[in-house]
Q: 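Sending over a structure as structure tokens; questions will come in a sec.
Proteins come first, then strands; the chains are lettered A, B, ... in the order of their sequence lines, and each starts at number 1.
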Number of protein chains: 2
Amino acid sequence: MVTDQTETLRRVPLSRDRVLRAAVALADGTGIESLSMRNLAQELGVVPMALYKHVANKEELLDGMVDVVVGEIGPPVLGTDWKSAVRQRILSARQALLGHPWASRVIESRTTPTPVMLAYLDSLIGMFRTGGLSADLTHHVMHAMGSRVLGFTQEMFDDSPSDDPSQSVDPDAQAAMFREMATKYPYVTEMAMAAAHEDESIVGQGCDDQFEFEFALDLLLDGFERLQQQGWTSADRSRGDGGA
Amino acid sequence: MVTDQTETLRRVPLSRDRVLRAAVALADGTGIESLSMRNLAQELGVVPMALYKHVANKEELLDGMVDVVVGEIGPPVLGTDWKSAVRQRILSARQALLGHPWASRVIESRTTPTPVMLAYLDSLIGMFRTGGLSADLTHHVMHAMGSRVLGFTQEMFDDSPSDDPSQSVDPDAQAAMFREMATKYPYVTEMAMAAAHEDESIVGQGCDDQFEFEFALDLLLDGFERLQQQGWTSADRSRGDGGA
DNA sequence: ACCTGAACACCGTTCAAGT
DNA sequence: ACCTGAACACCGTTCAAGT
């Protein structure tokens with residue numbers, strides 16, 4: 001294809017699918033904060049109002065974008081135990097999300113599941129149920145997993161190393177800052193140090209996100225398995241809020 | 001105080017504290033989506049630009065609002081084992097958040113921790129460390145907890161019963177909808193049924209949020225304790241992605 | 001019947017002109 | 001030196017006027 005791209009896009013008639021794909025591409029390329037209806041329309045060589053033929057409003061656009069991402073999650077693997085199968089599926093969801101940095105934030109902001117999302121959730125719930133977990137336990141399990149079923153967790157803070165040139169090197173200031181951190185927040189500092197074998201950083205940086213995700217995922221899956229084997233029921237509300 | 005409130009507010013000079021408290025009150029009362037700089041200024045009987053004397057921009061306003069909420073979290077209880085102490089502190093954080101429905105969303109959107117937030121995290125990390133967990137394990141523990149350290153989890157969808165009058169009763173349509181759900185998403189439906197002993201609902205409604213939160217929290221805390229007792233190290237990366 | 005320009009009712013923030 | 005009105009550069013969406 002040597003045809004001018006904008007020109008080509010202008011010729012192809014708009015469709016919901018083309019709108020959604022363009023929106024995903026725009027968000028991937030320039031960030032979700034610069035995705036506006038006006039912006040997207042311009043990218044498609046179209047007047048803003050033309051988009052409203054294919055999506056009712058911006059919320060529906062975002063729903064559709066999430067559907068595109070969920071559509072990239074692989075199907076369940078067959079022929080293993082439920083725990084491995086669930087584990088692999090969720091790690092596949094994680095892979096899908098990694099290609100779209102905006103996706104987890106947008107998913108969080110959705111208020112009602114789309115049919116595509118419901119189909120994914122139904123299939124995942126089915127993996128627990130056919131694996132032998134009770135409907136009761138599965139319900140609590142899904143809540144405990146939260147957004148993890150889609151391959152992400154709410155990390156407390158964005159730990160991407162900001163390449164802000166305003167706070168450049170100046171080793172003296174950095175050392176002073178570090179000393180202040182270490183005295184004011186000794187445990188935070190120690191924890192950051194414990195993780196900083198791979199990156200220069202002050203807080204929370206340079207740790208292996210994939211490892212952290214799998215650590216928590218496995219802890220939860222192991223816990224679910226243990227409860228299942230014990231024949232746990234939500235009637236077993238034996239836990240008080242005190243006892244060791 | 002019988003003085004007219006707006007008049008009183010107009011007399012009291014602005015301060016960062018008064019701006020933040022007004023912002024929290026406004027968000028509590030009318031929702032975070034209607035909190036704008038212009039709106040807040042009006043509430044304070046002040047021109048929008050006056051706010052910029054006390055907060056650099058809207059991001060800093062939101063940071064400050066989170067600080068107000070974090071300030072409401074109770075101090076650690078003394079004289080118990082680390083697990084109970086952590087449990088109680090996190091449930092106290094949850095109580096603080098329950099009074100400010102917007103808080104979890106705003107916390108998620110923060111990109112850098114404030115000193116107030118760092119102080120809270122430091123104190124919580126300290127509870128694990130003085131309880132005997134290694135710096136290494138504590139690091140992974142904090143990641144596994146994610147936003148749960150502040151008393152909330154990312155629930156997959158907003159399950160508050162929308163009192164939208166447009167989709168009022170009409171039991172026939174509702175029954176048809178239910179049949180469609182049950183055939184298209186059998187496991188989702190079953191799970192919703194399993195939880196719906198207390199509320200009329202289609203999906204995800206009517207379950208005990210507090211119970212779900214504690215279920216996951218205890219599962220994680222129990223898991224952490226088990227790892228600690230086993231002398232776990234992150235060098236033990238024994239888990240493959242397959243084996244049962 | 002379809003499409004779209006202009007307009008509406010908002011934003012956060014800058015900046016220069018006022019006191 | 002301090003304060004602030006007007007303006008800038010945006011939003012999502014409505015609606016009436018064009019073809």
Q: Tabulate protein N/O versus nucleotide N/O from nucleotides 14-19 of chain D, keeping only pairs under 3.5 Å, one per line.
A:
none

Q: For DNA chain D, please output the secondary structure as dot-bracket, reading 5' to 3'. Pairs are Watson-Crick or G-U wobble, both atom distances under 3.5 Å; mark crossing pairs with [ ], other-strand partners with |, unpaired with a dot.
A: ||.|||||...|||||.||
Q: Output one line per pair: protein atom, nucleotide atom from nucleotides 8-11 of chain D, and distance, for all N/O pairs under 3.5 Å.
A:
{"unit_1": "D/dC11", "atom_1": "OP1", "unit_2": "A/Ser36", "atom_2": "OG", "d": "3.1"}

Q: Between atom NZ in B/Lys53 and atom P in D/dC2, what is the gap in whole Å?
A: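 The answer, rounded to whole Å, is 7 Å.
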Q: Please report, rounded to the nearest Å, how far the P atom of C/dG5 is from the CG atom of A/Leu51.
A: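 After rounding, the gap between these two atoms is 13 Å.
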Q: Tell me whether A/Asp67 contacts the main-chain N or O of A/Thr114 through its side chain, where contact means a donor paired with an acceptor under 3.5 Å.
A: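 No.
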Q: Suppose you measure atom C1' in D/dA7 against the same atom in C/dC11; what distance do you get, rounded to whole Å?
A: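 To the nearest whole Å, 14 Å.
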Q: Go through the structure and list residues passing side-chain contact (heavy atoms from CB on, under 4.5 Å) with A/Asp122, not counting sequence neighbours.
A: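 With neighbours one apart ignored, the set is B/Tyr185, B/Pro186, B/Tyr187, B/Val188.
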Q: Take B/Glu212 and A/His139, measure what side-chain contact (heavy atoms from CB on, under 4.5 Å) needs, and give me the verdict at the end.
A: CA-CA 9 Å; B/Glu212 305 304 343; A/His139 170 245; 3.1 Å; yes
Q: Counting only heavy atoms not in A/Arg16 (residues, nucleotides, ligands), do more than 12 fall under 6.0 Å from its CZ?
A: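 Buried by this count: over 12 neighbours within 6.0 Å.
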Q: What residues, two or more places apart in sequence or in another chain, satisfy ring-ring contact (aromatic ring centres under 6.0 Å, His included) together with B/Phe128?
A: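 By the ring-ring contact (aromatic ring centres under 6.0 Å, His included) rule, B/Phe128 matches B/Trp82.
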Q: Test ring-ring contact (aromatic ring centres under 6.0 Å, His included) on A/His140 and B/Phe211; report intermediate values, then the result.
A: CA-CA 9 Å; A/His140 302 296; B/Phe211 180 77; 5.0 Å; yes
Q: Return yes if some donor-acceptor pair links the side-chain N/O of A/Ser92 with the main-chain N/O of A/Gly74 below 3.5 Å, else return no.
A: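 The answer is yes, because a donor-acceptor pair under 3.5 Å joins these two groups.
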Q: Is there a donor-acceptor contact under 3.5 Å linking the side chains of A/Arg105 and B/Ser109?
A: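 Their side chains do not contain a donor-acceptor pair, so the 3.5 Å distance test is not met.
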Q: When you measure from the side chain of B/Thr189 to the backbone N and O of B/Met181, does any donor-acceptor pair fall under 3.5 Å?
A: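 Checking the backbone N and O of B/Met181 against the side chain of B/Thr189, a donor-acceptor pair under 3.5 Å is found.
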Q: A/Met65 and side-chain contact (heavy atoms from CB on, under 4.5 Å): which partner among A/Leu35, A/Val55, A/Val70?
A: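 Of A/Leu35, A/Val55, A/Val70, side-chain contact (heavy atoms from CB on, under 4.5 Å) with A/Met65 is met by A/Leu35 alone.
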Q: Take the protein atom CD of B/Glu33 and the nucleotide atom P of D/dG12, then report the distance between them rounded to whole Å.
A: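 Nearest whole value for this atom pair: 17 Å.
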Q: Name all residues meeting the side-chain contact (heavy atoms from CB on, under 4.5 Å) criterion together with B/Gln210; count only those two or more places apart in sequence or in a different chain, and write none if there are none.
A: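 Result, side-chain contact (heavy atoms from CB on, under 4.5 Å) vs B/Gln210: B/Leu91, B/Arg94, B/Gln95, B/Asp208, B/Glu214.
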Q: Can you tell me how far C1' of C/dC2 sits from CG of A/Leu14, to the nearest Å?
A: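 The distance from CG of A/Leu14 to C1' of C/dC2 comes to 14 Å, rounded to the nearest Å.
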Q: Expressed in whole Å, how much space separates the P atoms belonging to D/dG18 and C/dC8?
A: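 The same atom, P, in both gives a distance of 16 Å.
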